[in-house]
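Keep in mind the model is a prediction, meaning the values are calculated, not measured. Chain letters run A, B, ... following the sequence lines, proteins first, then strands; residues in each count from 1.
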Amino acid sequence: QQPVQSPQAVILREGEDAVINCSSSKALYSVHWYRQKHGEAPVFLMILLKGGEQKGHEKISASFNEKKQQSSLYLTASQLSYSGTYFCGTEWGSGTYKYIFGTGTRLKVLA
Amino acid sequence: DAGITQSPRHKVTETGTPVTLRCHQTENHRYMYWYRQDPGHGLRLIHYSYGVKDTDKGEVSDGYSVSRSKTEDFLLTLESATSSQTSVYFCAIRPAQQGTMDTIYFGEGSWLTVV
């Protein structure tokens, strides 16, 4: 099992907004978001440590709802450089060292 | 740069042969991971390690074994390679520091083709 992300894929025009969701069947204690460009390794974007916390990185922000076991990534005024596959990642179980990723969301931004 | 080196970066091997992928880190981090990435399946955890000689299975460990005899090296072995193990393999480390440093850093990946 792994966290499920939705949508699986999304196509945007430059300047449009998108939301990517990450839902877990287990309690989440922190959520990390990554972006992967084609042919490259995933790169860390941001971490959310507390329930309800919202963080931002330029025009990319995220929220984390512990009760709902969900996190969402918000991309506003998308740019061509936002294209890639986005993953949420989390420690799977409290106090474990096991770290897994969500199912992934492919995002393509068109000019 | 998280100081992670994977080798080999590209390999073609025949079905039934053993293959070992090496992950080397220079920062003495305790936690190391092996993932495989396939189209439509995202990143799936194969094995992970939380110290020298301390390893555990992930979601897709069948057909794989690992060893960690030194902090800096985490080896992934395909006992008898099959075509279903054709994939991109990523090694990762986790500094496991408190707060915002607790995240995953990846190596550049190893492309393995089993023919």
Side-chain angles (χ1 to χ4, degrees), chain A residues 1-9 20 22-26 28-50 53-57 62 64 71 84-107, chain B residues 1-6 9-10 23 25 29-52 54-61 66 68 74 87-111:
Chain A
Q1 265 195 338
Q2 63 190 134
V4 176
Q5 290 182 229
S6 61
Q8 287 185 309
I20 298 171
C22 172
S23 295
S24 172
S25 59
K26 281 191 177 185
L28 295 173
Y29 301 94
S30 67
V31 177
H32 310 159
W33 284 95
Y34 302 80
R35 177 170 62 208
Q36 183 180 29
K37 300 283 189 177
H38 183 69
E40 299 178 5
V43 173
F44 170 71
L45 289 177
M46 66 184 72
I47 180 172
L48 297 110
L49 297 173
K50 297 178 183 177
E53 185 177 12
Q54 190 154 357
K55 298 197 68 152
H57 176 71
F64 176 26
S71 178
T85 302
Y86 290 78
F87 294 97
C88 59
T90 187
E91 191 174 81
W92 198 238
S94 174
T96 73
Y97 315 111
K98 192 173 184 179
Y99 191 98
I100 67 171
F101 292 88
T103 50
T105 296
R106 293 189 311 278
L107 182 97
Chain B
D1 182 5
I4 307 168
T5 305
Q6 290 186 228
R9 295 289 317 282
H10 299 270
C23 179
Q25 58 142 330
H29 293 303
R30 183 178 171 193
Y31 306 108
M32 298 185 75
Y33 303 81
W34 276 108
Y35 298 91
R36 61 176 289 175
Q37 186 170 34
D38 308 289
H41 291 279
L43 290 152
R44 293 183 291 174
L45 180 63
I46 306 172
H47 281 279
Y48 60 102
S49 170
Y50 44 95
V52 173
D54 290 323
T55 65
D56 208 343
K57 296 179 180 180
E59 268 64 40
V60 290
S61 60
V66 289
R68 192 164 179 205
F74 192 31
S87 187
V88 182
Y89 291 86
F90 285 103
C91 172
I93 60 96
R94 183 179 174 199
Q97 298 176 19
Q98 290 297 317
T100 58
M101 291 300 293
D102 183 20
T103 186
I104 292 280
Y105 297 93
F106 287 90
E108 293 179 306
S110 293
W111 275 254

In Å and rounded to the nearest 0.5 Å, what is the [atom1] to [atom2] distance from [X] to [Y]?
X	Y	atom1	atom2	result
A/H32	B/R94	NE2	CZ	6.5 Å
A/F87	B/Q37	CZ	CD	5.0 Å
B/I104	A/I47	CD1	CD1	10.5 Å

For A/E40, what residues pass the salt bridge (Lys or Arg N to Asp or Glu O under 4.0 Å) criterion, not counting sequence neighbours? none
With sequence neighbours left out, what residues match B/R68 under salt bridge (Lys or Arg N to Asp or Glu O under 4.0 Å)?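 Counting only residues at least two positions away or on another chain, B/R68 forms no salt bridge (Lys or Arg N to Asp or Glu O under 4.0 Å).
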Taking the side chain as every heavy atom from C-beta outward, state whether B/Y31 and A/Y99 have any pair of such atoms under 4.5 Å apart. no
Listed partners of A/H38 passing ring pair (Phe, Tyr, Trp, His ring centres under 6.0 Å), at least two apart: none
Specify the closest pair of heavy atoms between [X] and [Y], including all atoms of both residues, with the distance to one decimal.
X	Y	result
A/G39	B/W111	O-CH2, 3.8 Å
A/Q2	B/L43	NE2-O, 4.1 Å
B/G107	A/A41	O-CB, 3.3 Å

Step through the shown structure and confirm whether more than 12 heavy atoms of other residues, nucleotides or ligands are within 6.0 Å of NZ on A/K98. yes
Around atom CZ of A/R106, are there more than 12 heavy atoms from other residues, nucleotides or ligands closer than 6.0 Å?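 It does not: A/R106 CZ has 12 such atoms or fewer within range.
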Tabulate, in ascending numerical order, the residues of residues 44-52 of chain B having at least one heavy atom closer than 4.5 Å to a heavy atom of chain A, or enter 'none'. B/L45, B/Y48, B/Y50
Look at the rings of A/Y34 and B/F106 and say which category their plane angle falls in: under 30° parallel, 30 to 60° tilted, over 60° perpendicular.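 Ring orientation of A/Y34 relative to B/F106: perpendicular.
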